[in-house]
2 protein chains.
Amino acid sequence: MEASYADLMDELRSRGLRMTPQRRAIVSEVMRAKGHISPTAIARKVQGDMPGVNASTVYRTLTLLESVGVLQHSHVETGAEYHRTDEAHHVHLTCRNCGQDDELSLEEARKLQGLIRRHHGFVADLTHFAITGLCSDCAA
Amino acid sequence: MEASYADLMDELRSRGLRMTPQRRAIVSEVMRAKGHISPTAIARKVQGDMPGVNASTVYRTLTLLESVGVLQHSHVETGAEYHRTDEAHHVHLTCRNCGQDDELSLEEARKLQGLIRRHHGFVADLTHFAITGLCSDCAA
DNA sequence: GTTGGTGCAAAGGATTTGCAAGGTG
DNA sequence: CACCTTGCAAATCCTTTGCACCAAC
């Protein structure tokens, strides 16, 4: 379940794709993020370690890695954010007042998904979009 | 509950703001949309009826009307969309495969909200972000 | 050596801002 | 006639694309 560099390289190689230092740096940055991170943030960080890496390379790489299945993007108030696919079970709960970011557990997400499915046959992916609202502190 | 032009004008006037023809046209366009509509789409449509209206006016007006409480925006896959506040109870279910757009009823939304609240004290606004997934046809 | 990848520069598209002119109350 | 609003143009931001050069396997 845990995607390693070796697995990733195999995956890319089997598709005739290459593992370049830029890709290594980008993947490493997303992995290190332990959560979600925006394309521009990735670009900034990667360029910190490895000056000269172009933003277009970052975008192209993110798109590629998403199509390969290693990464996935989701939407929060400020825009798109990427995370490793392994961590896709996180449902973001963002407080619109204080900005605090909480998460739903996988079980809770499943429960919600079940409810939606029962009434509409719709299989929801609650991880793709964040959920806004007010956290317990701000709602009080 | 139903926001009329008269109400809107009162609201604006009470804040020392003005009801200009541009604002009238923009509000009218969003109202007519009977659902959600993007800023660029509004700009295009308004400019159809009333050539010369600048996109910046559209953006400024949408922001203003949202702060006044008449409109609200939400996020779908393609970006931000505005709708009248009265229609904020729609939870979007968008199929990522066929693009079909369904909705959750108010009761269902409340049920989900209740579940989230019980476990986190988090008061979710499920209308702000769409929910993606697979519709019954595409999930089969 | 092939073929895919990268950097660079330019193009796009959406949204914001400064400012002087214009319109509303 | 104040003061809010608008149009215009320019400036940002973020993201995409074309293309020649470079590098991975």
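What you see is a predicted model; the values in this text were computed from it and never measured. In what follows, chains are A, B, ... by sequence order, proteins preceding strands, each numbered from 1. For the numbers below, each heavy atom of this structure counts, side chains included, while hydrogens, waters and symmetry mates do not.
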Indicate whether the side chain of [X] and that of [Y] have a donor and an acceptor atom separated by less than 3.5 Å.
{"X": "B:Arg32", "Y": "B:Ser28", "value": "yes"}
{"X": "A:His92", "Y": "A:Glu81", "value": "no"}
{"X": "B:Thr20", "Y": "B:Arg24", "value": "no"}
{"X": "B:His120", "Y": "A:Glu108", "value": "yes"}
{"X": "B:Thr94", "Y": "B:Asp101", "value": "yes"}

Given atom [atom1] of [X] and atom [atom2] of [N], what is their separation to the nearest angstrom?
{"X": "A:Glu66", "N": "D:dT15", "atom1": "CD", "atom2": "C1'", "answer": "15 Å"}
{"X": "B:Arg23", "N": "C:dG22", "atom1": "CZ", "atom2": "P", "answer": "19 Å"}
{"X": "A:Leu62", "N": "C:dG5", "atom1": "CG", "atom2": "P", "answer": "14 Å"}
{"X": "B:Leu12", "N": "D:dT6", "atom1": "CG", "atom2": "P", "answer": "11 Å"}
{"X": "A:Glu81", "N": "D:dC14", "atom1": "CD", "atom2": "P", "answer": "12 Å"}
{"X": "A:Tyr59", "N": "C:dT6", "atom1": "OH", "atom2": "C1'", "answer": "17 Å"}
{"X": "B:Ile37", "N": "C:dA14", "atom1": "CD1", "atom2": "P", "answer": "14 Å"}

Checklist entry - Strictly under 6.0 Å, is that where the ring centroids of B:His128 and B:His73 end up? => result yes
Checklist entry - Should A:Phe129 and A:Ile116 be regarded as members of a common hydrophobic cluster, given that ILVMFWY residues are connected when their side-chain heavy atoms come within less than 4.5 Å of each other, either directly or indirectly? => result no
Checklist entry - How about A:Glu66 and A:Tyr82: do any of their side-chain heavy atoms sit closer than 4.5 Å? => result yes
Item to check | Reported CD1-to-CD1 distance for the pair A:Ile26 and A:Ile37, which is rounded to 0.5 angstrom | outcome: 11.0 Å
Checklist entry - Within the structure shown, what part of the strands sits under 4.0 Å from B:Gly16 by heavy-atom distance: base, sugar-phosphate, or nothing? => result sugar-phosphate
Checklist entry - Does the pair A:Lys111/A:Glu107 count as a salt bridge with the N-to-O cut at 4.0 Å? => result no
Next on the checklist: Please tell me if A:Gln22 has a side-chain N or O lying less than 4.0 Å from either OP1 or OP2 of C:dG7.
Outcome noted: yes
Atom pairs under 3.5 Å, N or O on each side, protein against nucleotides 19-25 of chain D: can you list them with distances?
residue : atom : partner : partner atom : Å
D:dA24  : N3   : A:Arg18 : NH1          : 3.3

Next on the checklist: Within the supplied structure, the quantity of interest is the number of heavy atoms (other residues, nucleotides, ligands) at a distance under 6.0 Å from A:Arg117 CZ; does it exceed 12?
Outcome noted: no
Item to check | Terminal helix-axis angle for the helix from C:dG1-D:dC25 to C:dG25-D:dC1, with five pairs defining each axis and rounding to 10 degrees | outcome: 30°
Item to check | Strand contacts (DNA chain C) in residues 48-57 of chain A, 4.0 angstrom heavy-atom criterion | outcome: A:Gly52, A:Val53, A:Asn54, A:Ser56, A:Thr57
